[in-house]
**Student:** 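Mind having a look at this structure? Questions to follow.
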Amino acid sequence: MAEEQAERRRITVRGIVQGVGFRPFVYRHALRLGLYGFVLNSSAGVVIEVEGRREALEAFQHALLEDAPPLARIDEVLSQSLRPQGDTAFVIAHSQAGAERSALISPDTATCPDCLREILDAGDRRYGYPFTNCTNCGPRFTIVQDVPYDRAYTTMNDFQMCPACQAEYDNPLDRRFHAQPNACPTCGPSLLGELFREDGAAELEPVTVEWAARQLAGGAILAIKGLGGYHLACNALDPEAVGRLRRRKRREAKPFALMPADAEVAGRLCFLSEAEAELLQSHRRPIVLLKKRPDCPVAHEVAPDYDNLGVMLPYTPLHHLLMHAFAERRAGQPAVLVMTSGNLSDEPIAYKDDEARSSMPSIADGMLAHNRGIHMRCDDSVVRIAAGGEQLFRRSRGYAPAPVQLPLECPVPILACGGHLKNTFALCKGRQAFISHHIGDLENLETLTSFREGIQHFGRLFDIQPQAVAYDLHPEYMASKYALETDVPQKIGVQHHHAHIASVIAEHRLDGPVIGVAADGTGYGTDGAIWGCEIMQADLHGFRRMSHLRYVPLPGGEGAVRRPWRMAAAYLSQAYGDDFLKLDIPFVQRLDMAHWRPLSQMIERKLNCPPTSSLGRLFDAVASLLGVRDEALYEGQAAIEMEMQAEPDTHSYPFAIQDGSPATLDAASTIRAVVEDIQRGVSTPRIAGRFHRTMAEMLAAACKDAREENGLNRVALSGGVFQNRLLLEQLSALLQESGFEVFINRLVPPNDGGLSLGQAAVAAQLLV
């Protein structure tokens, strides 16, 4: 080509473009278009220098955006003209490190169809191999130790590729070109396993998938090593095995996740819409919350008193092989395993082999492990379809560490520490918020250590040294204490419910203020009260509280969270005074006066009974009034069980909105109406349905009052209470009927797992 006919461009592609087959994709298109130059991974992303005719270069850049590999996510393409060099070939060059890292790490991804075909093909060299992967699937985030994403910086560095695997790895036209976890039975990781015995566990020995399937079919509980940690598995149709697992794990009530063999089996367990089936089978493979069929065969102990099941399909070759082997032993019965996090309740998921060997014998009968290391623990994500789209309950495997784009540039790198429960943190630079995998409740040393280690790892991966830290205002939150103890120069406290609403503003990139409805169980208010039902005018600069649920004492402080009867008594006392003790209803008849009398005296003296506006606690109160649950094993259990019993109803109870600054939403008349229905013998499902409708109407009325005052027409809904699907969908419908635009969290959870995004967005705005 004559030099005057050639042009040369340097193209930098940023996003999730490493470890997803992007360089061979670039290589193939360059060859197809007759272009010369090179492509390489760098700490900034993928760098391409390409030379040729202008028409070919334009077609090449178009292909980068339109035909990218399935796991790639392109955030930015930068192009600059260079002097032609006269290259005569196009090559894939070695990776380069750089001063500033901006390359993104792909989340772990479910086994692709091509790899699945190989492990099930008796003629393939990877037949039955449980660690098969390629550039389109397999472990990523959980094995990465540093960037750039090359094998030397992963836990696969312990395994030397055999000649056959090396040839695949070196061939740009092979789907395993530079697939960093590439391996086969000759050179890759292998299974290890053992049965635990009372006289102590033996050394791990090589085992087979068939061995594990046989143990599970026989009623055993096995600890199974996955991508981001250990699962505890047993036959989901075996009540004795499930009950034993529940006792050993010390998980008395929360549901267990299930893994059926495939989508067909999932459809036999639960109702499955098209959107749910698509989500279930996506490459992220989250746990999807589905409505249980009346004839669902799984043991009742899997999800006591729940009409939903958490279901995920196999997402590693080991899972697929195990489910195939297990299905062969089911004799016509559905093949479905309990597949729950490998830990004791309230502890983080086990992921280190030595720790698992010491902790799992108290829960499991044996272990199916392997010798591929996990560098970063990562729990399964939990998602459902609600209000017309995906709603995350837990954002972790398959989603993290892919960043969420902020609506504005961070003036300095920011660390947002999140909340105390369902913790995530976020490290941010530029417009990218790298939200962590699910850390959990910061209530023990193990979880706090995981929080600290995660921050260090993310800072190293994404080259972020925070110069500002955002945190929740609650003085006793461990994440807030961590923030205040750091040597980061700028510290920014963000009110809990403002952060909830800011998370919606940030992910939808909303300009200007919105009406925010933040509803949850607990959040530290600026007046020292415990907030939890706040209607506010908010943007990223700040908020103004426009109305809130009327304060009621929280008897005994946080002790009331797991004792819904206390909230029921407090609300009855507010509605009736001491005369509530004369009411002829079952709640009063079973009320233990020996417990209530000292609490009532504490309320009178204002001792350890802080005022709360929590909508979560009001739901608890009504659930207890209805006899759904007086004592809860975890926060929100009573409210969740009441929602599951509720029959949707268009009839509602009275409520009041009292003028003020802020206005007060008064549910005393609602409580009295609930009592009257109880006395009339109205069924619990009908009363529960009417109460849900009432809360939706009350919140919608508060939004209309706010609109009359400020003229705003956009409403953002966030907070853990909006995990209540019935309330969320009824309120959304009422608001839309009244002409509001409604926005909810889609990219992060509405619960406290989304706080870090809101904190980061507020901090970025305040630092501008």
Side-chain angles (χ1 to χ4, degrees), residues 416-424 470-477 479-480 492-508 510 513-552 554 561 610-619 635-636 661-665 695 698-699 702-703 706 710 712 714-724 727-728 731 742-745 748-763 765-766:
C417 290
H420 185 68
L421 302 178
K422 301 177 177 65
N423 176 270
T424 65
Y471 60 93
D472 192 277
L473 295 179
H474 198 298
E476 295 303 316
Y477 279 6
S480 300
I492 301 169
V494 183
Q495 198 279 325
H496 188 94
H497 300 95
H498 183 207
H500 272 309
I501 301 305
S503 71
V504 180
I505 294 172
E507 68 167 83
H508 290 280
L510 302 178
V514 301
I515 297 170
V517 181
D520 60 9
T522 301
Y524 191 78
T526 54
D527 59 357
I530 298 173
W531 291 5
C533 182
E534 317 305 314
I535 290 79
M536 58 178 66
Q537 177 178 318
D539 57 20
L540 296 182
H541 290 92
F543 72 96
R544 178 168 67 91
R545 201 181 187 202
M546 303 192 72
S547 59
H548 63 85
L549 191 63
R550 180 184 173 187
Y551 285 140
V552 65
L554 188 67
V561 171
T612 182
S613 59
S614 168
L615 188 58
R617 300 289 80 80
L618 175 55
F619 269 82
E635 183 179 10
S661 184
T664 303
L665 313 179
M695 293 300 99
M698 182 180 72
L699 294 174
C703 289
N710 59 26
L712 298 175
R714 296 184 298 184
V715 177
L717 308 178
S718 190
V721 168
F722 289 117
Q723 294 177 141
N724 183 315
L727 176 67
L728 173 66
L731 176 57
V742 181
F743 299 89
I744 69 173
N745 292 111
V748 296
N751 59 43
D752 287 5
L755 285 176
S756 59
L757 174 62
Q759 292 171 351
V762 170
Q765 183 66 71
L766 294 179

**Student:** Could you report the tightest heavy-atom contact between Ala479 and Asn423, atom names first, then the distance?
**Tutor:** CB-ND2, 4.1 Å

**Student:** Answer yes or no: is there a donor N or O on one side and an acceptor on the other, between the side chain of Ser480 and the main chain of Tyr471, under 3.5 Å?
**Tutor:** no

**Student:** Are Val552 and Arg617 close enough that some pair of their side-chain heavy atoms sits under 4.5 Å apart?
**Tutor:** no

**Student:** Going by the side-chain contact (heavy atoms from CB on, under 4.5 Å) test, name the single residue among Leu731, Ile744, Asn751, Asn745 that passes it with Phe722.
**Tutor:** Leu731

**Student:** Minimum heavy-atom separation for Cys533 to Leu665, with atom names?
**Tutor:** SG-CD1, 4.3 Å

**Student:** Find the distance between CD1 (Ile530) and CG (Leu554) and round it off to the nearest 0.5 Å.
**Tutor:** 5.0 Å

**Student:** Quick test of your reading: applying salt bridge (charged side-chain N to carboxylate O under 4.0 Å, His left out), list the pairs with at least one residue in residues 529-539, sequence neighbours left out, ordered by first then second residue.
**Tutor:** Glu534-Arg545

**Student:** Do Pro513 and Leu712 come close enough that some side-chain heavy atom pair is under 4.5 Å?
**Tutor:** yes

**Student:** Looking at Ala502 and Gly758, what are the two nearest heavy atoms and their distance?
**Tutor:** CB-O, 3.7 Å

**Student:** Side-chain contact test, heavy atoms from C-beta onward, threshold under 4.5 Å: evaluate it for Leu717 versus Val504 and give yes or no.
**Tutor:** no

**Student:** Check for a donor-acceptor pair, side chain of Thr664 on one end and backbone N or O of Arg550 on the other, with a separation under 3.5 Å.
**Tutor:** no

**Student:** Distance-only, no hydrogens or angles: does the Ser661 side chain make a donor-acceptor pair with backbone N or O of Met546 under 3.5 Å?
**Tutor:** no

**Student:** Any chance you could measure Leu755, atom CG, to Leu421, atom CG, to the nearest 0.5 Å?
**Tutor:** 9.5 Å

**Student:** Given Val762 and Gln495, is the side chain to side chain contact (heavy atoms under 4.5 Å, CB included) satisfied, shown in steps?
**Tutor:** CA-CA 10 Å; Val762 170; Gln495 198 279 325; over 6 Å; no

**Student:** Heavy atoms only: give me the nearest Ile505-Ala538 pair and the separation to one decimal.
**Tutor:** CD1-O, 3.9 Å

**Student:** For Asp752, what residues pass the side-chain hydrogen bond (donor to acceptor under 3.5 Å, both in side chains) criterion, not counting sequence neighbours?
**Tutor:** His496, His500

**Student:** Any sub-3.5 Å donor-acceptor pair from Ser614's side-chain atoms to Thr522's backbone N or O?
**Tutor:** no

**Student:** Do Met536 and His497 come within less than 4.5 Å of each other through their side chains, counting heavy atoms only?
**Tutor:** yes

**Student:** Within the side chain of Gln759, is there an N or O that forms a donor-acceptor pair under 3.5 Å with the backbone of Gly418?
**Tutor:** yes

**Student:** Can you tell me how far apart CG (Leu615) and CE (Met698) are? Round to the nearest 0.5 Å.
**Tutor:** 6.0 Å

**Student:** Answer whether the closest heavy-atom distance between the side chains of Pro662 and Ile535 falls below 4.5 Å.
**Tutor:** no

**Student:** Side chain to side chain contact (heavy atoms under 4.5 Å, CB included) between Leu757 and Thr424: does it pass, once the steps are laid out?
**Tutor:** CA-CA 9 Å; Leu757 174 62; Thr424 65; over 6 Å; no

**Student:** Please round to the nearest 0.5 Å and tell me the distance separating atom CD of Gln537 and atom OG of Ser547.
**Tutor:** 12.0 Å

**Student:** Kindly write out the residues that satisfy salt bridge (Lys or Arg N to Asp or Glu O under 4.0 Å) with Arg714, not counting sequence neighbours, or none if the list is empty.
**Tutor:** none

**Student:** Within the structure provided, determine whether Met695 and Leu618 are in side-chain contact (heavy-atom separation under 4.5 Å).
**Tutor:** yes

**Student:** Aromatic rings Phe543 and Trp531: how do their planes relate, parallel, tilted or perpendicular, breaks at 30° and 60°?
**Tutor:** perpendicular

**Student:** Minimum heavy-atom separation for Leu473 and Tyr524, please, with both atom names.
**Tutor:** O-CD2, 3.8 Å

**Student:** Quick one: does any side-chain atom of Ser613 pair with a main-chain N or O of Gly532 as donor and acceptor, under 3.5 Å?
**Tutor:** yes

**Student:** Shortest non-hydrogen contact from Ser756 to Ala416?
**Tutor:** O-CB, 3.2 Å

**Student:** Can you find a pair of side-chain heavy atoms, one from Phe743 and one from Leu510, that are under 4.5 Å apart?
**Tutor:** yes

